[in-house]
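Quick note on labels: first sequence line is chain A, next is B, and so on, each numbered from 1.
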Amino acid sequence: MKMSDLERHLHRGPPGEGFHRETCKKAAPASPAVAAVSCADPAQPSGWAGPHRRWCRVCKAESWRRPSMENADVAQVLAEVADLLELTGGNAFKARAYRQAAQIVDLLPTPVSELWREGKLTELPSIGERIAAHIEELLNTGRFREHDQLLAKVPPGVLELLKVEGIGPKTASLAWKRLRVKELAALVKACRDGSMEKLPRMGAKRVAAILLALERYQARKGRVPLHRALATAESIAERLRKVPHVRAAEVAGSIRRRRETIGDIDLLVAATGADEVIRAFREAPEVETLTATGPTKCTARLKSGLQADLRIVPPESFGAALHYFTGSKAHNIELRTRAMRRGLKLSEYGVFDRQGKRLGGETEQDVYRAVGLPWIPPELREGAGELEAAEEGRLPRLIEEKDVRGDLHVHSEASSDAHSSLEELCKEAGRLGREYLAITDHSKSRPLGLDAVQMRAHALAIQRFGLQREEAPRLLTGVEVDILQDGTLDLPLDVLQGLDWVVASIHSHFTDPPGKITQRMIAAMRSGVVDVLGHPGGRQLGLRDAYAFDFEKVLEVARAERVALEVNAMPERLDLDDKHCRLAKDAGVALVISTDAHHASQLGNLRYGVWMARRGWLERGDVLNTLGPRQLEARLHRPRHFGTHIELRASL
DNA sequence: GCCGTTTTCGGCCCGACTGTTTTCAGTCG
Ligand SMILES: Nc1nc2c(ncn2[C@H]2C[C@H](O)[C@@H](COP(=O)(O)OP(=O)(O)OP(=O)(O)O)O2)c(=O)[nH]1
Ligand SMILES: [Mg+2]
Ligand SMILES: [Mg+2]
Ligand SMILES: [Zn+2]
C-alpha cells in the first residue's frame, strides 16, 4: 500500500502529542496505519487496558509513563463527549457542560482520582452528580457507558474532522451524514470531486478554504514553548506602538498569562482608526499573509508558521479589551457570568448597566471593580479558582523577579555542556543584580563530569576566585550531583558535605518504572546532604513528558528532610511546572527558582521560572532564594557557613 | 448537565468575520 503524504499525516499525531514515543520503538512513522490505533492517538481510550495498567497496542509494552487515568486523560474523554454530543445533534448546553467539566479537571493540580477517593468530586464547579459518576466509572474501568454509546454512533475519524480550522460540528456532521465522509482523506476527496460544494451553506470559496486548512493541518506543529513566541510577539507590538494614532499596544492571550506553551500570538492595540494599524501589521517582517481582515481585527500567518491575531479597539475600551483578549476563555466566561448576575454586561468594549450605559472599561481595574473584585494578575487567570480567591480576599501576593536575590543552579565551563568562565558568569550575574551564585557543575557520571578529587579541586578554585572578588555576586561552591539508578549519589557524602550547596538531579534511566524513580528521589533526599532536587519532573517540552512518579510521596519526604524542590527556569524545562508549584506550596515544601544556566547569557532566563512560580500561586516567602545569603544559611537543614568549609578542610 | 443575593426550572458570555444568504448560520476569539 502506498500512502500519500497527506494520508500519512492523517494517521500520525503532530510532534509533541505522542504518548510514549521514547519507549515504543515499533510505532515508528514507518507504519503509520498501525500507529493510528496505538500509543500515538490519545483519542483511542479503547486501546488502553484500564485505569491502573496500560499497554501500548503495538509493542505490548506497559507504558510506564502513563500508569493510570490521569487528569488529562479524564479531561480528554469528557471533552470528547462534548464533541460527540454536538456531532449527534444533542443539546448544545449539555455539550458545553461536559466541555466545562473537562476544563476544570484539566486544570486541577490534584489528581482527580484522589478527589474521587475523598468523595469531593461534586465540590468542584461544573461537576455534578452525573459527571462525577461518569468520572468514577472512568477511574474504575477506563471507560464509561454514555461515552461508549456515543462512540458507537460516530466513526472515530469524524472526530478528527473537528480539528481542521473552519470545520465545526455542523460541517463535520453534514459531511458525515450526507456524504459518508468518515475521515480526513474522505473529506479531501469530497472537496475535490465537487460533492462537498453542493451541501447547504457551502460554496466554492468554503471548499477552497477547507482544502487549504487541511494542508495546514498536515503541517501543523502544535503549541510552541513560550520563549519561542515571546520575542516575536514583542517585536511586532513594538512596531505597532510606532504607528500614528496608536495609544497603546500590548501582547495578550496565553503569552501575557505566561503559559508554558503558546498556541498563537494575540496582540491588542488601542487606536482611533484601524486601517493604518492593519497596514503596518501586514507589512511587519514577521508576517507572511493576512488570512482574515475586518474593521476591528485581523489574523495573520507568520513566516514562522505561527498564527497572530490582532485586535484594535478605541482607547476608552482598552482595559476591557485587554481583559477579554488576555483570557483565559474560562476566566472570561466566569467573570462575564458574574457581571450578568449583577445586572451588568461585560464585553471587550466595557462594562455596561441594564440601560446600556457604560460604567467603565479604560483599565482592567475598571472591569474587576465593576464586579466587586480586586485586579487579578494575568498569571492566575485560568479559571482555576482565582475568582473565588479574589472574592474571599485570598489572592496571593505573587513573587516578583526582583524578589529573587541569588541563583542556585549554574554551570561553568567545568561542565562539558556549558561554556562560560567564572569571570563571565560573575560579571553577568552582577549586572543582573544577583547577590549570590552557586556554581553547580556535573558529577562524574555525566560526560567529563567531576570525580571526588576534581570536585574538591574545583570547589577550592571557585572559593579562591570568589575571595579575590570584591563586588557581588558572592560565589557558593556547589554541584549538580547525579542521582544514580540505585538512588545513591554520584559523589561521596563527605565531598558533598564540604560544599555550600548541593543540587541532586536525575539524568539517566528516565524510563524506569515510576515507583523506582520515586524511590531514587526519596533516597537522595534522605542522604542528608542534598539541598534541592533539580528539575524534579524530568520533562522537556516537546521531547519528554514528566515522569509518572509519586509526587505526593516526594513532597512528604521533602518536607520531612527539609529539602527544597527546584523550579528550573530553562525555557524548555520549566520544571516544576505551575500545578506542581501549587501543590508544593500547599504541602509546605520550599521552592528554589534557578536558571540552570549553561552560559552567562542564560542567567537572564530567571524570569521564566518566576512566571511559572507565579502561575503556581507562589509568594516571596515560598521561595528560598528570595533570602539573603545569611538568612539562607539559617534555613538549611545542616549547618552551613557559605564559603568556609573548604578553607577549614584545607587548613586541617 | 449544571446551577441559584431574581430562580430547584429555565436559563446558560458576548462579539467579529466569512460566505452564503436574500437575512444569517457557522466558526472562531
Ligand atoms: N469571552 C470569550 N473570550 C474568548 C473566547 N475564546 C477566546 N477568548 C479570549 C480569551 C483568550 O485568552 C483570548 C485569545 O484567544 P486564543 O484562542 O488565542 O487563546 P489563548 O491565547 O488563551 O491560548 P492559546 O495559547 O492561543 O491556545 O481570547 C470565548 O469563547 N469567549
Ligand atoms: Mg492565543
Ligand atoms: Mg488567538
Ligand atoms: Zn540537570
Side-chain angles (χ1 to χ4, degrees), chain A residues 78 81-83 85-86 90-104 121-135 146 161-175 196-210 212-213 252-254 263-268 274 278 290-300 307-313 317 320-352 354 356 361 367 371-372 383 391:
Chain A
L78 293 176
V81 169
D83 286 345
L85 284 170
E86 284 173 340
N91 182 337
F93 290 110
K94 183 171 161 182
R96 225 183 56 179
Y98 273 95
R99 201 163 278 126
Q100 254 166 29
Q103 183 262 346
I104 290 290
L121 280 181
T122 53
E123 287 175 24
L124 295 171
S126 308
I127 297 187
E129 298 294 338
R130 309 287 301 273
I131 291 185
H134 294 331
I135 293 177
E146 282 75 359
L161 302 182
L162 296 174
K163 296 187 185 165
V164 179
E165 212 184 320
I167 296 192
K170 303 287 182 190
T171 310
S173 153
L174 263 183
M196 196 69 189
E197 198 174 325
K198 297 199 184 76
L199 293 178
R201 298 201 68 84
M202 292 298 271
K205 283 186 167 177
R206 282 278 286 134
V207 169
I210 289 173
L212 223 92
S254 50
D264 71 352
I265 291 174
D266 300 290
L267 296 159
L268 178 68
I278 291 179
L290 298 193
T291 55
T293 55
T296 71
K297 70 176 189 179
C298 66
T299 299
Q307 178 179 297
D309 291 323
L310 170 65
R311 185 73 199 256
I312 300 138
V313 295
S317 293
L322 185 59
H323 178 267
Y324 150 70
F325 217 24
T326 297
S328 67
K329 175 179 170 177
H331 175 91
N332 287 356
I333 292 178
E334 220 180 314
L335 204 72
R336 286 174 180 208
T337 304
R338 184 182 167 92
M340 199 173 52
R341 295 217 178 98
R342 299 176 156 233
L344 302 172
K345 184 181 70 168
L346 173 57
S347 76
E348 60 265 48
Y349 293 108
V351 190
F352 304 88
R354 259 184 259 269
V367 172
V371 295
E391 167 97 70

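Among B:dG1, B:dT5, B:dC13, the nucleotide with an atom closest to any side-chain atom of A:R336 is B:dC13. Nearest nucleotide to the side chain of A:T171, out of B:dG29, B:dG26, B:dT20: B:dG26. Side-chain proximity of A:D266 to B:dT18, B:dC14, B:dG29: nearest is B:dG29. Closest to the side chain of A:Y349, from the set B:dG1, B:dG15, B:dC17, is B:dG15. Closest to the side chain of A:F325, from the set B:dT5, B:dC12, B:dG29, is B:dG29. Closest to the side chain of A:P169, out of B:dT27, B:dT5, B:dG29, is B:dT27. Here B:dC13 is the nucleotide among B:dG29, B:dC17, B:dC13 with the atom lying nearest to any side-chain atom of A:I333. Residue A:K297 has its side chain nearest to B:dG29 when only B:dT20, B:dG29, B:dG1 are considered. The nucleotide whose nearest atom lies closest to any side-chain atom of A:A97 is, among B:dT20, B:dC2, B:dG4, B:dC2. Considering only side-chain atoms of A:S347, the nucleotide from B:dG1, B:dT18, B:dG15 that sits closest is B:dG15.
At a threshold of 4.0 angstrom between heavy atoms, the contacts of A:E86 with the nucleic acid are absent. As judged by a 4.0 angstrom heavy-atom cut-off over every strand, A:L346 is placed among residues touching the sugar-phosphate backbone only. Contacts of A:E334 with the nucleic acid, taken as non-hydrogen atoms under 4.0 Å apart, are absent. No engagement by A:T299 is indicated, since no non-hydrogen atom pair under 4.0 Å with the nucleic acid exists. A:E348 comes within 4.0 angstrom of sugar-phosphate atoms only, judged by non-hydrogen atoms across all strands, and of no base. Within the nucleic acid shown, A:D264 has no heavy atom closer than 4.0 Å to any nucleic acid atom. Nucleic acid contact class of A:R311 (heavy atoms, under 4.0 Å, all strands): sugar-phosphate only. At a threshold of 4.0 angstrom between heavy atoms, the contacts of A:P200 with the nucleic acid are absent. Heavy atoms of A:N332 sit nowhere under 4.0 angstrom from any nucleic acid atom. When heavy atoms are screened at a 4.0 angstrom cut-off, A:A204 is found touching the sugar-phosphate backbone but no base atom.
Between A:L161 atom CG and B:dT27 atom P the separation is 12 Å, expressed in whole Å. Distance, A:D309 CG to B:dC17 C1': 12 Å, rounded to whole Å. The CZ atom of A:R341 sits 9 Å away from the C1' atom of B:dC12 (whole-angstrom rounding). Between the P atom of B:dC12 and the CG atom of A:L335 lies a distance of 17 Å, rounded to the nearest Å. Look at CD1 on A:I104: it is 14 Å from C1' on B:dG1, rounded to the nearest Å. At whole-Å resolution of the value, NE2 in A:H323 and P in B:dC13 are 15 Å apart. Between the CE atom of A:M202 and the P atom of B:dT27 there is a distance of 9 Å, given to the nearest Å. B:dT27 atom P lies 19 Å from atom NZ of A:K205, rounded to whole Å.
In this pair, A:H134 and A:Y98 present their aromatic rings parallel. The plane angle is below 30°, not in the 30 to 60° band.
On the C1' atoms, B:dC24 is 9 Å away from B:dT20, given to the nearest whole Å. For the C1' atoms, the distance linking B:dT21 with B:dG26 amounts to 13 Å, nearest Å. On the C1' atoms, B:dT8 is 12 Å away from B:dC2, given to the nearest whole Å. B:dT23 and B:dC28 are spaced 25 Å apart, taking the P atom of each and rounding to whole Å. Comparing B:dT5 with B:dG1, their C1' atoms are spaced 24 Å from each other, to the whole Å. One P atom belongs to B:dT7, the other to B:dC12, and the distance between them is 16 Å to the nearest Å. With both ends at atom C1', the span from B:dT27 to B:dC13 equals 16 Å, rounded to whole Å.
Side-chain atoms of A:D266 do not come within 3.5 Å of backbone N or O of A:A252 as any donor-acceptor pair. A donor-acceptor pair under 3.5 Å is absent between the side-chain atoms of A:R311 and the main chain of A:A321, judged by distance alone. Looking only at distances, a side-chain donor or acceptor of A:T326 sits under 3.5 Å from a matching main-chain atom of A:L322.
The pair A:R96-A:E86 fails the salt-bridge criterion, with no side-chain N (NZ, NE, NH1 or NH2) lying under 4.0 Å from an Asp/Glu carboxylate O. For A:R130 and A:E146, the salt-bridge test fails: no basic side-chain N is under 4.0 Å from an acidic carboxylate O.
OP1 and OP2 of B:dC3 both lie 4.0 Å or more from every side-chain N or O belonging to A:S126. Distances shorter than 4.0 Å separate none of the side-chain N or O atoms of A:K329 from OP1 or OP2 on B:dC28. At the phosphate of B:dG29, OP1 or OP2 sits under 4.0 Å from a side-chain N or O atom of A:Q307. Note on A:R206: every side-chain N or O is 4.0 Å or more away from OP1 and OP2 of B:dG19.
Looking at A:Y324, its side chain comes within 3.5 Å of the base of B:dG29 through a donor and an acceptor atom. For A:R96 against B:dC12, a side-chain-to-base donor-acceptor contact under 3.5 Å is absent.
In the displayed structure, A:R342 atom CZ is contacted under 6.0 Å by more than 12 heavy atoms of other residues, nucleotides or ligands.
Of the nucleotides present, B:dG26 is the one that pairs with B:dC17 by Watson-Crick or G-U wobble criteria, both distances under 3.5 Å.
Ranked by how close their nearest DNA chain B nucleotide is to the 5' end, A:K94 and A:T293 are led by A:K94. Sequence order on DNA chain B of the closest nucleotides to A:G168 and A:V207 puts A:V207 first from the 5' end.
Taken to the nearest 0.5 Å, the CZ atom of A:F325 stands 5.0 Å off from the CG atom of A:D309. The CZ atom of A:R201 lies 11.0 Å from the CG atom of A:L174; values are rounded to the nearest 0.5 Å.
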Self-check item: side chain to side chain contact (heavy atoms under 4.5 Å, CB included) evaluation trace for A:I278 with A:L290
Solution: CA-CA 9 Å; A:I278 291 179; A:L290 298 193; 4.0 Å; yes
Quiz item: Passes side chain to side chain contact (heavy atoms under 4.5 Å, CB included), A:Q103 versus A:K329? Steps please.
Solution: CA-CA 10 Å; A:Q103 183 262 346; A:K329 175 179 170 177; over 6 Å; no
Quiz prompt | A:I127 and A:Q100: CA distance, side-chain angles, deciding distance, side chain to side chain contact (heavy atoms under 4.5 Å, CB included) verdict | solution = CA-CA 9 Å; A:I127 297 187; A:Q100 254 166 29; over 6 Å; no
Please enumerate all protein N or O atoms sitting under 3.5 Å from an N or O of nucleotides 23-25 of chain B, with distances to 0.1 Å.
unit_1	atom_1	unit_2	atom_2	d
B:dC24	O2	A:R201	NH2	3.3

